[in-house]
Amino acid sequence: MKKAKNKVNNQTVRQILKLESVEKYYGSRSALTKAVDRISFTVDSSEFVAIMGASGSGKTTLLNCIATIDRVTAGKIYVDGEDITRLKGEKLNRFRREELGFVFQDFNLLDTLTARENIALALAIQKVHPLEITDRVEKVSSELGISKVLDKFPYQMSGGQKQRVASARAIITDPKLVLADEPTGALDSRSARMLLEQLEELNQRFDSTILMVTHDAFAASYAKRVIFLKDGKIFNEIRRGDHSRKEFFDQIIDVVTALGGDTNVL
Amino acid sequence: MFSKLAFRNLKRSFKDYAIYFFTLALGVAIFYIFNALETQSVMLKISDYMLEIVKLMNSVMSGVSVFVALVLGFLIIYASRFLIKRRSQEFGTYMLLGMSKRKIAMIMLLETLMIGIFSLVAGLLVGVALSQFMSVLVANMFEADMTSFGFVFSGPACVKTLIYFVIIFLVVMLLNTFIIARQRLIKLLQARRTTETVKVRKTWLASIVLMVGVSLLGWAYWMVTLNSRHLDDSNIMFVLAAGAIGTAFFFWSVATIIVKLFQKTKLYNRGLNAFTLRQFSSAINTSAVAMTMICLMLFVTICVSASAISLHESMTANSDKAMPVDIQYPSKLADQSESVEALKDYGIDLNTMMAEQMRYEIAYSDSPTYGDILDKAMPADGAVLFNTDAILPMMHVSDYNALSDFFHNQKVELKDNEYAIVADFATMVELFERALPTQPKIEIAGRNLYPATDEVIDGMYQLSTATSTNTGLVVVPDDIKFREDDATWYTVGNFRENVDAQDLTDKILKIRDQELKNTARYFMIETKQMLLNSNIGINAIVTFVALYLGIIFLIASAALLALKQLSESSDNRAKYAILQKLGVDNKMLNHALGVQIGIFFALPLIVAIIHAICGIIFCDEVLGIFGGIKIDYSMAGIALVFLAIYGGYFLITYFSSKRMIRERRI
C-alpha cells in the first residue's frame with residue numbers, strides 16, 4: 001500500500017510544482033509566436049490553483065508542457081524536485097502514469113468497462129498487484145460514495161456518478177498533481193457546478209494538489225489561488241484567503257475587467 | 001480541379017483504402033486465374049477426350065464465376081460503405097463550404113474509378129503471375145507433362161475479368177452516389193459523435209445459451225462422427241441446423257462467459273487485460289450473427305478444399321487398384337463380340353492387340369436377390385440405402401478363379417451344395433458378414449445352396465472408376481446351368497506392350513460416336529484409359545471448383561472480419577486517446593490492439609477448424625465408401641495459401657487500426 005489517503009491537515013507543506021522561466025515558442029524565426037513567455041511560479045502540496053486567461057493567452061500550452069504532452073522551448077519544470085523536461089520515452093510514460101491525474105470535462109470513462117474496471121485500470125497499467133487493486137478500488141469508492149454503482153457501465157450511471165467515478169480514477173493512483181484542462185468548457189451550468197464541487201472535495205478531503213486551466217471566472221472561484229495569464233506572461237495573482245466564494249468571484253471579475261480580455265464572466 | 005482533389009484524397013487516405021484495394025486486387029487475381037484455366041490446359045499436350053473435359057470445366061467455371069462476381073460485388077459495396085462512413089466528416093466539411101452533393105458524389109466517383117483502375121491493373125498482373133504457378137497444378141491434375149510448357153497469358157480470361165469488374169464498379173459508383181445524395185449535413189458532421197451503449201448479457205442467460213449451443217454442437221459432432229451410421233436424408237437437415245444454431249448460440253454468449261471467468265482470476269486486473277477483454281467482448285456481442293456467418297463460411301472453405309484435394313489424391317493413387325485390366329467389353333454371344341466385329345469394319349483388329357484375354361459368363365436370371373441372403377441381417381431400424389429386391393449377379397467358380405488372375409483376387413473353392421459371396425463395398429461386406437453365419441439358403445435351378453464360409457470373399461469382377469464398388473457377386477458351382485437368354489459374356493484382357501492405349505481409346509471413342517449415329521449395332525467397349533480420363537476430368541473439375549469457391553469464401557470472411565474490426569477501431573479512437581492520457585505507453589497500446597484483433601480473427605477460425613475436423617471425418621466416411629480418403633500433409637501448399645490470405649487481412653487490419661488510433665494525439 002502506498003501512503004494513506006486521509007492525511008492530517010497540519011502536515012508539512014511541500015513544493016509539488018515549480019516552474020523556472022518556462023518558454024514555449026511556435027513558428028519560424030521570422031514569425032515567432034511566444035505562446036509561453038518566461039513564466040515562473042510554484043504550487044505547494046494540497047493547493048488548488050486555477051490558471052485563467054483569454055483564448056490565446058498560453059494557458060493550455062502551459063498545461064500541456066506540465067503534463068509532458070508538449071515540450072518546453074526553454075526553462076525547467078520540477079515536479080516534486082524532479083526536472084520533468086528532461087524525461088524521455090518510458091520514463092516519461094511512467095511519470096504521466098504514476099505522478100499525474102487527469103480530470104476531463106466529459107468524464108472520459110471507457111464505455112465498454114464497468115465503473116470498477118475504469119477505476120482499476122489506472123492502477124492495472126501501473127502493474128499494481130491485483131489483490132491490492134481490489135482493496136484500493138473498494139476504499140476509494142466507498143469514500144466517494146460510489147460503491148453501489150461499481151458494477152454498472154457508464155451508460156447506466158447518472159452524470160454525477162460518472163463524475164465521481166472519473167474522480168476516483170484520477171486520485172486512486174495517489175498522483176502528486178491533478179491536472180484539469182477547461183474542465184467545465186462544454187458543460188451546462190449544473191454539470192459544471194457538480195464537477196467543480198467534486199474538485200473542491202478532492203482538494204479538501206483528499207488533500208489532492210490540483211492545477212486547473214480555465215477561462216471561466218465562476219470555475220476559477222472554486223480555487224484557492226488564481227494566476228492570470230495575458231499574452232504568455234503572468235499578469236496577476238490573487239488568493240482567496242478567508243473570503244467566501246462569492247467575494248472571491250467578485251475579485252476575479254475585477255481582475256478580468258482590468259485584463260480587458262474577452263473572458264467569460266458568466 | 002475535382003480530379004486533382006480526388007487524386008489528392010486518394011493519396012492521403014491511401015491507407016484507409018488498403019483493405020479495399022487488397023480485396024479488389026485479390027478478387028481480380030483469383031477471378032483471372034480460374035478463368036484462365038482453359039487457356040492453360042489447352043497449352044498442355046492432352047488428348048481429344050481431355051479437351052472435351054476442359055471445355056466442360058470452362059463452362060462450369062463460367063457459371064461459378066457469376067456467383068463469385070456476386071460475392072465480390074457485395075464485398076466491394078460493403079467496403080465502400082465503410083469508407084464513406086469513415087469520411088463522413090470530410091464530406092460534411094465539403095458541404096459546409098458550399099459544395100453540392102453532386103460534386104461530392106463526383107469526387108467519390110473519381111476516387112472509386114482511380115482505385116478501381118489501380119487495383120484492376122495490379123490484380124491482373126498478380127493474377128497473370130500466379131496463374132503460371134497454377135499451371136503446375138493444372139498439369140498435375142490432367143497428368144500431362146510439363147516439358148512443352150511456357151508463359152501463358154489468357155486473353156479471354158483477361159477480357160472477361162475486365163467486363164465483370166467494370167460492371168461491379170459501375171454498380172458501386174451508382175450506389176455511392178445514391179448514398180451520398182441521401183446524406184444529411186448534420187448527420188455527416190456528427191457522424192463521429194455517437195455514444196455507445198454496451199451490449200451486456202445477463203450471466204445466467206448467457207450460461208444457459210452457451211450450454212444449449214455447446215450441447216447442440218456436441219450432438220451434431222457426435223451424429224457426423226461416431227454415430228454417422230444413423231445419418232440419412234431424414235435427419236441430416238436437423239444435424240446441419242443444430243450445427244448452425246449451436247454456432248450462433250456460441251458466438252452470442254461466449255464473450256460474456258469468458259469475461260466472467262477472467263474476472264475471477266488475477267490476470268484480469270493486470271495491465272490492459274480488462275480493457276482488451278471488454279473490447280473483444282463488445283466486438284463479438286455486437287456481431288454474433290456476422291461471426292456465425294463468417295465461421296460457417298470458413299468451415300465450408302476448409303471442408304470443401306480438403307475433401308476435393310484428397311479426392312484427387314485418392315482417386316489417382318487408387319486407379320491402378322481399381323483398373324487392373326486394360327480393356328473390357330460385354331457381348332451377347334458366347335463365341336464372338338459384336339463390338340469387336342464392328343471395330344474390324346474400321347480396320348482395327350482387337351484380337352491381334354491382346355497379350356492375354358479371357359471370356360466369362362455372368363447370369364442374372366434365377367439369381368437370388370439381396371433380400372434372400374440379407375433377410376435376417378437387416379438392421380432393425382430399417383435404414384437401408386438400397387433396393388433389397390435387386391438381383392445379385394452370378395458366376396461359375398471356375399470362371400471366377402480364372403478371372404482372379406486378371407483382377408488379383410483370392411481364389412474360391414466350393415463343394416456341390418455351396419456358394420460364396422464376393423464383395424468389397426464396405427457397407428455391403430458388413431451386412432453380408434452379419435447374414436452369412438445364419439446359413440441363408442438360396443435355390444438356383446432347383447438346387448439348394450448354402451454359404452461355403454461365414455466370410456465375404458474380398459474381390460471384384462468389373463472395371464470401375466473407383467475402388468471398392470463391388471456390392472456383391474454370387475459364385476456358384478460349375479455344374480449349375482445358367483439360362484442362356486439371360487446371361488452376358490464379358491471379355492477382359494491386357495494389351496501387348498507395343499499398343500498405344502491412349503491412341504486406341506481415342507479411335508474407339510470416335511468409332512463409338514459413329515456407330516451410335518449410323519447403325520443399330522450393339523457397341524460397348526471400356527478401356528482402362530477411358531475410366532482414367534473420366535476420373536481425371538471429374539477430379540479436375542471438382543478440385544478447381546472447390547478451390548475457387550474455397551478461396552472466395554475465405555476472402556469474403558476475412559474481408560468482413562477486417563471491415564468489422566476497422567469500423568470498430570475508427571469508433572474506438574477516443575478510447576485509445578483516454579488510455580494515452582492515463583499514461584499507457586505505445587508498446588502496451590499496440591499489444592492490447594494486437595491481442596484484441598488477434599482473438600477477433602482467431603476465434604471464428606478456431607471454431608471453424610473444430611467444425612471442419614468433424615466435417616472432414618464425415619466427408620471421409622461418405623466419400624471413403626469410394627476409396628478410403630486420407631487427408632494428409634499433401635494439402636500443406638493450399639493451407640499455406642489460405643493462411644497467407646487470412647493472415648494478410650489480419651496484418652492489414654492491425655496496421656490500419658494502429659494508424660487510426662494514433663490519428664488524434666492527446
Engineer: Can you tell me how far the CG atom of A:Leu109 sits from the NZ atom of B:Lys575, to the nearest 0.5 Å?
Structural biologist: 12.0 Å
Engineer: Could you give the distance from CG (A:Leu110) to OH (B:Tyr576), rounded to the nearest 0.5 Å?
Structural biologist: 10.0 Å
Engineer: Heavy atoms, side chains only, cut-off 4.5 Å: are A:Thr114 and B:Arg278 in contact?
Structural biologist: yes
Engineer: What part of A:Arg169 gets closer than 4.5 Å to chain B, counting heavy atoms only: side chain, backbone, both or neither?
Structural biologist: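 The side chain, not the backbone.
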Engineer: For residues B:Leu579 and A:Ile125, determine if any side-chain heavy atom of one lies less than 4.5 Å from a side-chain heavy atom of the other.
Structural biologist: no
Engineer: Answer yes or no: does atom CE of B:Met297 have more than 12 heavy-atom neighbours from other residues, nucleotides or ligands under 6.0 Å?
Structural biologist: yes
Engineer: Do NZ/NE/NH1/NH2 and the carboxylate oxygens of B:Asp585 and A:Arg97 come within less than 4.0 Å?
Structural biologist: yes
Engineer: Evaluate the side-chain proximity of A:Glu117 to B:Phe275: yes if any heavy-atom separation is below 4.5 Å, no if none is.
Structural biologist: no
Engineer: Between A:Leu121 and B:Gly271, what is the shortest heavy-atom contact and its length?
Structural biologist: CD1-O, 4.0 Å
